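Report on the structure given below.
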Amino acid sequence: MTDDIWRLAADWFAENARDLPWRRPGTTPWGVLVSEVMSQQTPVKRVAPAWEAWLDRWPTPADLAAEPTGEAIRMWNRLGYPRRALRLHAAAVAIATDHDNQVPTTIAALEALPGIGTYTARAVAAFAHRQRHPVVDTNVRRVVARLAGRPDAGMATTPADLRAAEQLLPPGEEDAAVTSAALMEIGALICTARAPSCAECPLAAVCEWHASGEELPEGPSRKPQKYTGTDRHVRGLIMAVLREADLPVPRVSLDGVWHEAERRERALAGLVADGLVAVEDERYRLP
DNA sequence: AAGCCGTGGAT
DNA sequence: TATCCAAGGCT
């Protein structure tokens, strides 16, 4: 029974996969890596146009590595979490320098790159290099949990999650890679967090959660995060100013972003410490 | 190992 | 309007 779940997913995927730009034939491993980093906590819909512009400008890691980090941050624009742009730049430098400008093919080498963790390393290995690995993101965790009768997964990916996903994969590398993409797509389009469409789900017949009545969890599946008025908020406001600025700006130009000086100072100091902002004789700019 | 790290759309 | 959530990673 469980050994044909992958076929249900893969057959559905063949008919229903979104036409995402990085799924086009000819996409390089670098293109896949960029798409995965951009998609960390950012909806794929918003990533697509940014990905096109990025790959058009920097077709290989060496092209990006040759630029100042500030160019990556500005190009990142409003995708959010701009430290990802910084780490992607650092990853490009590492690939160009240590890997002959070729995206690594082993999980260990991928995880050694900045900004590449458990999920992204396996996603690149599977989708770029067509290897067999459990690719466990928030979508897959939810799908796997519901197949087993639970309404949702835990807060973070665990080794048990990887083992559970691995057991759904067929033995063949290419089949496994397709299955991983299919499970993610089902989670993103059908088995969604708040309004799942079980009537259209290719896995409904083998899903314990569906069989037991589709009870949605009560509280949020992740700890709710404050945002308004936090450092994160003010950091974002400061970065927005600096992205738009053509020249270094004096500190007074940043005073308008938030009314509390103390929080402004702390946010700015944090951005400088993170390497997202450079200070040049009392003026501030992207690095 | 909880908490931090942006942004915007949907409900 | 407020909350939830979206192809997570790092410390």
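Because only heavy atoms are used, hydrogens play no part in the values below, and waters and symmetry mates are left out as well, while side chains stay in. The sequence lines fix the lettering, A, B, ..., with proteins before strands; numbering per chain opens at 1. Please read all numbers here as calculations on a predicted model, not as lab measurements.
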Identify, between A:Leu20 and A:Gly115, the residue whose nearest nucleotide on DNA chain C lies closer to the 5' end. A:Leu20
Per-nucleotide protein contact string for nucleotides 5-11 of chain B (B base, S sugar-phosphate only, - none; heavy atom under 4.0 Å): BBBS-B-
What's A:Ser35 touching, base or sugar-phosphate or nothing? Going by heavy atoms closer than 4.0 Å. nothing
Check every strand shown and say whether A:Trp76 touches a base, only sugar-phosphate, or nothing at a heavy-atom separation below 4.0 Å. nothing
Please determine whether a side-chain nitrogen or oxygen atom of A:Thr138 lies at a distance below 4.0 Å from atom OP1 or OP2 of C:dA6. yes
Value rounded to 0.5 Å, distance of CZ in A:Arg146 from CG in A:Asp152: 6.0 Å
Testing C:dC10, C:dA6, C:dA7 for proximity to the side chain of A:Asp137, the answer is C:dA7
Are the side chain of A:His210 and the backbone of A:Leu203 linked by a donor-acceptor contact shorter than 3.5 Å? no
Quote, to the nearest angstrom, the P distance that separates C:dG9 from B:dG8. 22 Å
What is the separation between atom CG on A:Leu88 and atom P on C:dA7, rounded to the nearest whole Å? 19 Å
Distance in angstrom units between A:Arg122 CZ and C:dG8 P, rounded: 15 Å
A:Arg142 side chain N/O closer than 4.0 Å to the phosphate oxygens (OP1, OP2) of C:dA6? yes
Rounded to whole Å, please give me the gap between CG in A:Leu189 and C1' in C:dC5. 15 Å
Nearest 0.5 Å please: distance from the CZ atom of A:Arg142 over to the CG atom of A:Leu183. 12.0 Å
Interatomic distance, A:Ile238 atom CD1 to A:Leu276 atom CG [nearest 0.5 angstrom]: 11.0 Å
Start with the C-alpha distance between A:Gln131 and A:His129, add both sets of side-chain angles, then the distance that settles side chain to side chain donor-acceptor pair (under 3.5 Å), and finish with yes or no. CA-CA 6 Å; A:Gln131 297 172 11; A:His129 302 307; 5.4 Å; no
Could you give all pairs that pass the side chain to side chain donor-acceptor pair (under 3.5 Å) test and reach residues 29-42 of chain A, with sequence neighbours left out? A:Glu36-A:Tyr119, A:Gln40-A:Thr120, A:Gln41-A:Arg222, A:Thr42-A:Arg84
For A:Ala193, which contact category applies under a 4.0 Å heavy-atom criterion: base, sugar-phosphate, or nothing? sugar-phosphate
Calculate the interatomic distance between A:Ile190 atom CD1 and C:dA6 atom C1'; express it in whole Å. 17 Å
Does a side-chain N or O of A:Ser39 approach OP1 or OP2 of C:dG8 to a distance below 4.0 Å, or not? no
Kindly compute the distance separating CD (A:Glu174) from CZ (A:Arg130), expressed to the nearest 0.5 Å. 4.0 Å
Pick the C1' atom in B:dC5 and in C:dA6, then give their distance to the nearest Å. 15 Å
Whole-Å distance separating the NZ atom of A:Lys226 from the P atom of C:dC5: 15 Å
Say you pick atom C1' in C:dA7 and the same atom in B:dG3; how far apart are they, in whole Å? 22 Å
May I have the distance from A:Leu33 (atom CG) to C:dG8 (atom P), rounded to whole angstrom? 15 Å
